Engineer: 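Okay, here's the structure, questions in a sec.
Model, not experiment: these values are computed from the prediction. Position 1 is the first residue of the sequence, and the numbers go up from there.
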Amino acid sequence: MAKLPEEAKKIISRVLPAFIATASKKGKPNVSPKGSFRVLDDEHVVFAEMASPRTIANLRENPQVSAMVFDPATWGGCRIWGKAEIIDSGPLFDSFKAEFARLKMDVHSIVRIAVEKVEIMPPLKKAG
């Protein structure tokens with residue numbers, strides 16, 4: 001497992017959505033935006049699954065995942081590769097469910113990603 005650098009944490013905290021790439025066991029790809037993507041701790045990122053049946057189906061067959069957090073203002077960001085775990089009960093799930101219930105959104109599961117590799121994409125231009 002890899003540790004998230006502080007720069008990646010800062011990027012993740014200010015840029016949404018993140019784009020999550022998955023592939024089925026046969027290699028059929030899927031990319032899905034996740035507005036709930038966030039840092040869980042130094043070695044994990046997480047997002048809520050609310051309307052992404054293909055993402056979850058792919059992760060059940062193949063837990064390898066890639067996330068891209070791209071800032072269109074700077075053309076910078078970060079990429080994360082890791083292994084996903086689908087969580088549908090427990091304190092983490094309950095906290096996401098309660099948070100999004102206030103927004104009238106139903107969380108079906110949480111995807112926790114154990115970070116294996118992080119790549120910072122430096123900005124190509126200044127924001128603004």
Engineer: So, does N62 use its side chain to make a donor-acceptor pair with the main chain of A23 at under 3.5 Å?
Structural biologist: yes

Engineer: Looking only at non-hydrogen atoms, find the nearest pair between A84 and L59 and report the distance.
Structural biologist: CB-CD2, 3.7 Å

Engineer: Between E7 and K10, is the salt bridge (charged side-chain N to carboxylate O under 4.0 Å, His left out) condition met? List the steps.
Structural biologist: CA-CA 5 Å; E7 188 174 355; K10 287 177 188 173; over 6 Å; no

Engineer: Check whether I20 and F93 end up in the same hydrophobic cluster, where Ile, Leu, Val, Met, Phe, Trp and Tyr are linked by side-chain heavy atoms less than 4.5 Å apart.
Structural biologist: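 No, I20 does not connect to F93 through the hydrophobic network.
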
Engineer: Same cluster or not: are L40 and F100 linked, directly or through other Ile, Leu, Val, Met, Phe, Trp or Tyr residues, by side-chain heavy atoms under 4.5 angstrom apart?
Structural biologist: yes

Engineer: Of the non-hydrogen atoms in L16 and G35, which two are nearest, and what is the gap between them?
Structural biologist: CD1-O, 3.2 Å

Engineer: Membership question, hydrophobic clusters at under 4.5 Å side-chain separation (ILVMFWY): are V118 and V46 in the same one?
Structural biologist: no

Engineer: Starting at CD1 of I110, measure out to OG of S89 and round the result to the nearest 0.5 Å.
Structural biologist: 11.0 Å

Engineer: In Å and rounded to the nearest 0.5 Å, what is the CD1 to CD1 distance from I56 to I86?
Structural biologist: 4.5 Å

Engineer: What are the two closest heavy atoms between V39 and D41, and how far apart are they?
Structural biologist: CG1-O, 3.4 Å

Engineer: Carefully, step by step, assess K9 and D42 under the rule side chain to side chain contact (heavy atoms under 4.5 Å, CB included).
Structural biologist: CA-CA 9 Å; K9 291 178 184 179; D42 286 345; 2.3 Å; yes

Engineer: Between T55 and S32, what is the shortest heavy-atom contact and its length?
Structural biologist: OG1-CB, 3.5 Å

Engineer: Distance from T74 atom OG1 to L124 atom CG, nearest 0.5 Å?
Structural biologist: 7.5 Å

Engineer: Is there a chain of hydrophobic side chains (I, L, V, M, F, W, Y, each step under 4.5 Å between heavy atoms) that links V65 to F37?
Structural biologist: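 Result: yes, single cluster for both.
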
Engineer: Output the distance between atom CD (E61) and atom NZ (K26), rounded to the nearest 0.5 Å.
Structural biologist: 8.5 Å

Engineer: Quick check for you: to the nearest 0.5 Å, what is the distance between F96 atom CZ and M50 atom CE?
Structural biologist: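 So the gap between those two atoms works out to 8.5 Å.
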
Engineer: Is the closest side-chain heavy-atom distance between S52 and K34 below 4.5 Å?
Structural biologist: yes

Engineer: Are V45 and L4 close enough, and set up right, to give a side chain to side chain contact (heavy atoms under 4.5 Å, CB included), and what steps lead you there?
Structural biologist: CA-CA 9 Å; V45 290; L4 283 164; 3.8 Å; yes

Engineer: So does K83 have more than 12 non-hydrogen atoms from other groups sitting under 6.0 Å from NZ?
Structural biologist: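 12 or below, so no.
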
Engineer: At their closest point, which heavy atom of V107 faces which heavy atom of K97, and how far apart are they?
Structural biologist: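 V107 and K97 have their closest heavy atoms at O-NZ, 3.0 Å.
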
Engineer: Flag yes if W81 and M1 sit in one hydrophobic cluster, no otherwise; membership is Ile, Leu, Val, Met, Phe, Trp, Tyr, and two members link when side-chain heavy atoms are under 4.5 Å apart.
Structural biologist: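 No, no single cluster joins them.
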
Engineer: Kindly indicate, with the supporting measurements, whether the criterion salt bridge (charged side-chain N to carboxylate O under 4.0 Å, His left out) is fulfilled by E49 and R60.
Structural biologist: CA-CA 13 Å; E49 186 280 309; R60 289 192 195 287; over 6 Å; no

Engineer: For the residue pair C78 and I12, establish whether any side-chain heavy-atom pair is separated by less than 4.5 Å.
Structural biologist: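 Yes, their side chains come closer than 4.5 Å.
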
Engineer: Start with the C-alpha gap between V31 and M68, add the side-chain angles, then the distance that decides, and say whether side chain to side chain contact (heavy atoms under 4.5 Å, CB included) holds.
Structural biologist: CA-CA 10 Å; V31 176; M68 176 180 263; over 6 Å; no

Engineer: Looking at CD1 of I113 and CD of Q64, how far apart are the two atoms once the value is rounded to the nearest 0.5 Å?
Structural biologist: 10.5 Å

